[in-house]
There are 2 protein chains.
Amino acid sequence: MPHPSSPEVRAVTIRDVASLAGVSVGTASKALNGRGKLRQETRDRVVEAARQLGFRPNALARGLLSGRTFTVGLVTSDSFGRFSIPVMLGAEDALGAGQISVFMCDTRDDPIRERHHVQTLLARRVDGLLVTGRRTEPRPSIGADLPVPVVYAMTQSTDPGDLSVIPDDEGGGALAVGHLLATGRSRIAHIAGPSRFLAARQRAAGVHRALADAGLPLVGGEPLYGEWTEEWGRQGADILLRVEPDVDAIFCGNDQIARGVAETLRERGRRVPDDIALIGFDNWEAMALGSRPPLTTVDMSLGEVGRIAAEHLLAAIGGRPVTGGVQTIPCRLVVRESTGPRRDA
Amino acid sequence: MPHPSSPEVRAVTIRDVASLAGVSVGTASKALNGRGKLRQETRDRVVEAARQLGFRPNALARGLLSGRTFTVGLVTSDSFGRFSIPVMLGAEDALGAGQISVFMCDTRDDPIRERHHVQTLLARRVDGLLVTGRRTEPRPSIGADLPVPVVYAMTQSTDPGDLSVIPDDEGGGALAVGHLLATGRSRIAHIAGPSRFLAARQRAAGVHRALADAGLPLVGGEPLYGEWTEEWGRQGADILLRVEPDVDAIFCGNDQIARGVAETLRERGRRVPDDIALIGFDNWEAMALGSRPPLTTVDMSLGEVGRIAAEHLLAAIGGRPVTGGVQTIPCRLVVRESTGPRRDA
DNA sequence: GTGAAAGCGCTAACAT
DNA sequence: ATGTTAGCGCTTTCAC
């Protein structure tokens with residue numbers, strides 16, 4: 001007696017279809033895959049039989065035969081957090097269009113677990129691997145000489161032969177400053193994340209470049225490096241207002257910092273954006289929209305990062321040669337109320 | 001010539017291992033799987049050969065033969081958002097221990113996509129399905145009479161024969177009020193999310209029950225239903241302070257509302273928790289920790305929800321009969337600084 | 001104790 | 001135009 005939750009004792013096979021249609025399995029296969037030379041009437045009969053039986057070809061058997069499974073492994077060290085999710089969704093978009101299913105694996109930042117996952121994925125004969133992370137810092141290659149192509153997204157490999165797709169943090173920093181300049185600000189400061197993060201340093205580098213191009217100094221002389229938290233935003237704003245009271249724009253390392261800054265500015269009686277314009281980074285909507293006023297911010301286009309990475313992977317799987325290196329994806333400015341022209345009281 | 005990214009022309013098969021060890025494939029199989037009767041020396045020789053060649057048995061072939069693939073499909077309608085991620089990680093935990101890999105599928109709330117994903121997963125011969133969502137509202141069953149077991153997590157099926165695992169929102173509401181009572185509050189109000197959400201209504205029901213048990217009225221008479229936003233928290237607090245100025249505790253429908261409330265209270269000169277205690281819901285750390293003061297909140301134990309759901313699925317896959325129905329997982333109180341004893345100025 | 005052979009479900013090459 | 005057969009990689013009888 002079948003288990004209650006498995007009403008069908010055995011899945012429908014192509015034999016069943018062939019038998020119902022009164023043809024051989026070979027003919028049924030051709031009919032269903034539109035290959036070979038068959039009478040239209042036969043084709044229809046087989047297709048109808050398949051429909052009637054609810055036939056779905058066994059992907060395992062197909063994979064075993066063809067060597068292609070139409071699956072890829074997605075290995076993340078971010079526990080599918082705030083950054084890897086959008087990347088993942090973008091990737092799924094591109095892969096889903098190619099009828100590819102995705103195995104998800106979370107390494108919890110543990111190299112042992114990572115190795116284990118890669119081994120399992122290879123045993124499942126995935127066609128390729130996508131590696132994502134929380135930080136853009138270079139990380140050790142997931143494995144040399146793997147039998148399948150690998151693309152890194154939102155993280156990069158230390159091996160220059162590997163292909164990595166990451167957001168253009170440097171460009172994002174420059175973009176933010178460019179917007180502040182365009183809206184008439186000239187005394188611009190930067191309250192940044194921790195300097196041990198590559199992303200923080202690169203955003204600062206973008207600030208530097210954009211200001212240098214405009215022939216303006218960075219208010220405060222150097223970026224104020226701290227943490228990625230609101231608490232630091234509040235502190236940083238305090239420090240900044242004390243040292244440079246005539247600042248008229250602050251670019252923050254992320255949206256949380258910007259929120260903290262916004263709070264302190266309000267408490268100190270500085271109006272945003274009338275007195276001081278404010279820009280965040282990440283476009284973390286819950287944060288940026290909850291802030292008063294809602295934050296103008298830099299969006300890293302993480303969906304794009306994932307989509308492009310997946311497209312590279314598909315290309316590599318398809319046999320088109322893929323050259324290693326790092327590809328950066330441009331950031332996108334999202335303008336809200338925290339920036340705008342200066343207005344005197 | 002092999003493609004540069006596929007250094008191995010062909011993966012290592014058990015034939016290669018057998019050949020290197022100087023035995024037949026059947027013997028090699030037995031040696032590697034610890035089955036049959038073999039001389040220890042033979043066993044060792046085969047294992048050594050496998051190690052040397054880096055042999056990994058082809059999971060497709062195994063699945064084809066055994067009818068078990070050790071894979072499950074995870075179908076979400078939440079785009080892997082804030083709620084389904086923890087569920088997913090909990091599930092991965094339980095499944096990973098069972099050596100099971102997970103296919104992730106995002107339906108984007110589209111029934112067509114959902115059907116398509118289910119079909120694909122069945123074609124891949126997954127051993128079971130896990131369905132997750134963003135809301136606890138009942139949803140149509142993902143498919144009647146599927147050939148594999150299905151468990152719903154963080155969402156529930158309208159079919160009472162299906163098994164669903166969801167957080168105990170009602171208990172969470174009661175838990176919050178219980179904590180407020182225990183810390184000496186008696187004039188408790190509830191600023192809730194939108195009443196169209198089952199979760200909002202259930203949390204309110206928990207509030208109701210806990211207050212009734214204590215013989216106390218709900219300040220304001222009814223919960224103040226609104227939105228899940230900070231903006232609503234600010235508005236709601238305004239309204240509440242106007243109508244019930246002597247409130248001494250506010251339980252909020254989620255952490256965002258609580259943050260909004262906290263801001264308004266601070267601006268109105270009410271100290272938290274000295275004058276008014278505040279509790280949120282969700283334990284969304286970035287929100288709860290960024291708030292001033294950091295929020296006491298109710299954690300839905302989403303990891304547990306996912307883990308339990310996955311364990312039920314494993315049980316069902318293992319053939320143990322699983323009865324339908326809804327299982328609720330208790331919430332957990334996370335105490336931070338926004339609650340504590342009253343203190344007069 | 002070990003080897004040979006069948007077969008999981010499917011497709012592709014070869015017969016008819 | 002259709003049927004037959006071999007074989008993808010593996011496990012499992014069944015001979016020896």
Side-chain angles (χ1 to χ4, degrees), chain A residues 8-47 49-50 53-71 99 120 122-127 147, chain B residues 8-47 49-50 53-71 99 120 122-127 147:
Chain A
E8 298 170 30
V9 180
R10 195 176 53 78
V12 178
T13 77
I14 199 169
R15 282 185 107 89
D16 304 325
V17 174
S19 153
L20 177 59
V23 295
S24 73
V25 286
T27 304
S29 174
K30 282 170 212 150
L32 293 170
N33 294 297
R35 240 153 289 193
K37 302 198 173 305
L38 273 68
R39 246 188 3 234
Q40 187 58 42
E41 192 267 330
T42 313
R43 230 177 258 284
D44 295 344
R45 198 147 34 87
V46 173
V47 169
L53 268 53
F55 170 72
R56 303 246 76 205
N58 185 324
L60 279 70
R62 285 187 143 176
L64 187 54
L65 197 57
S66 67
R68 278 271 270 134
T69 55
F70 290 88
T71 61
Q99 301 279 38
T120 303
L122 292 179
R124 295 199 185 282
R125 297 301 186 261
V126 294
D127 296 330
Chain B
E8 298 169 28
V9 180
R10 195 176 54 76
V12 178
T13 76
I14 199 169
R15 283 184 106 90
D16 303 326
V17 175
S19 151
L20 177 59
V23 295
S24 72
V25 284
T27 304
S29 173
K30 283 168 209 151
L32 293 171
N33 294 296
R35 239 153 290 193
K37 302 200 171 303
L38 272 68
R39 247 188 3 231
Q40 187 58 39
E41 193 267 330
T42 313
R43 233 176 254 284
D44 295 345
R45 198 148 35 87
V46 173
V47 169
L53 267 51
F55 170 71
R56 300 247 77 203
N58 185 323
L60 281 76
R62 284 188 144 173
L64 187 54
L65 199 56
S66 68
R68 277 270 269 136
T69 56
F70 289 88
T71 61
Q99 301 277 42
T120 303
L122 292 179
R124 296 200 184 280
R125 297 301 187 261
V126 293
D127 296 331

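Taking the side chain as every heavy atom from C-beta outward, A/Ser29 and A/Ile14 approach each other to under 4.5 Å.
For the pair A/Ala50 and A/Leu32, the tightest heavy-atom approach, listed with the atom from each and the gap, is CB-CD2, 3.8 Å. Nearest heavy atoms, A/Ala49 versus A/Leu20: CB-CD2, 3.8 Å. Shortest non-hydrogen contact noted between A/Lys30 and A/Gly36 is CD-CA, 4.2 Å. When all heavy atoms are compared, the tightest approach of B/Arg124 to A/Gln99 is NH2-O, 3.7 Å. Of all non-hydrogen atoms in B/Phe55 and B/Val12, the two that sit nearest each other are CD1-O, 3.5 Å.
Scanning residues 29-39 of chain A for heavy-atom distances under 4.0 Å to DNA chain D yields A/Lys30, A/Lys37, A/Leu38, A/Arg39. Within residues 14-28 of chain B, the residues having any heavy atom under 4.0 Å from DNA chain C are, by residue number, B/Val23, B/Ser24, B/Thr27.
In this structure, the side chain to side chain donor-acceptor pair (under 3.5 Å) partners of A/Ser24, at least two apart in sequence or on a different chain, are A/Thr27. When the salt bridge (Lys or Arg N to Asp or Glu O under 4.0 Å) test is applied to A/Arg45, the partners found at least two apart in sequence or on another chain are A/Glu41. For A/Leu64, the side-chain contact (heavy atoms from CB on, under 4.5 Å) partners are B/Asn58, B/Ala61, B/Leu64, not counting sequence neighbours. Under the rule for a side-chain contact (heavy atoms from CB on, under 4.5 Å), the partners of A/Ala123 that lie at least two apart in sequence or sit in another chain are B/Arg56. Listed by chain and residue number, A/Leu38, A/Arg43, A/Val46 satisfy the side-chain contact (heavy atoms from CB on, under 4.5 Å) test with A/Ala31 (two or more places apart in sequence, or in another chain).
Fit an axis to the five pairs at each end of the helix from C/dG1-D/dC16 to C/dT16-D/dA1 and the two axes sit 60° apart, to the nearest 10 degrees.
Evaluation of the salt bridge (Lys or Arg N to Asp or Glu O under 4.0 Å) test over residues 16-27 of chain A, restricted to residues two or more places apart or in two chains, returns A/Arg10-A/Asp16. Listed by first and then second residue, the side-chain hydrogen bond (donor to acceptor under 3.5 Å, both in side chains) pairs involving residues 60-71 of chain B are B/Asn33-B/Arg62, B/Arg68-B/Asp127, B/Thr69-B/Thr71, B/Thr69-B/Asp127 (not counting sequence neighbours).
With a heavy-atom cut-off of 4.0 Å to chain B, the contacted part of DNA chain C has its first and last nucleotide at C/dG1 to C/dG9. Nucleotides of DNA chain D lying under 4.0 Å from heavy atoms of chain A occupy a range whose first and last members, 5' to 3', are D/dA1 to D/dG9.
Heavy atoms of B/Ser66 sit nowhere under 4.0 angstrom from any nucleic acid atom.
Here B/Lys37 contributes atom NZ and B/Thr42 contributes atom OG1; the two are 14.0 Å apart, rounded to the nearest 0.5 Å.
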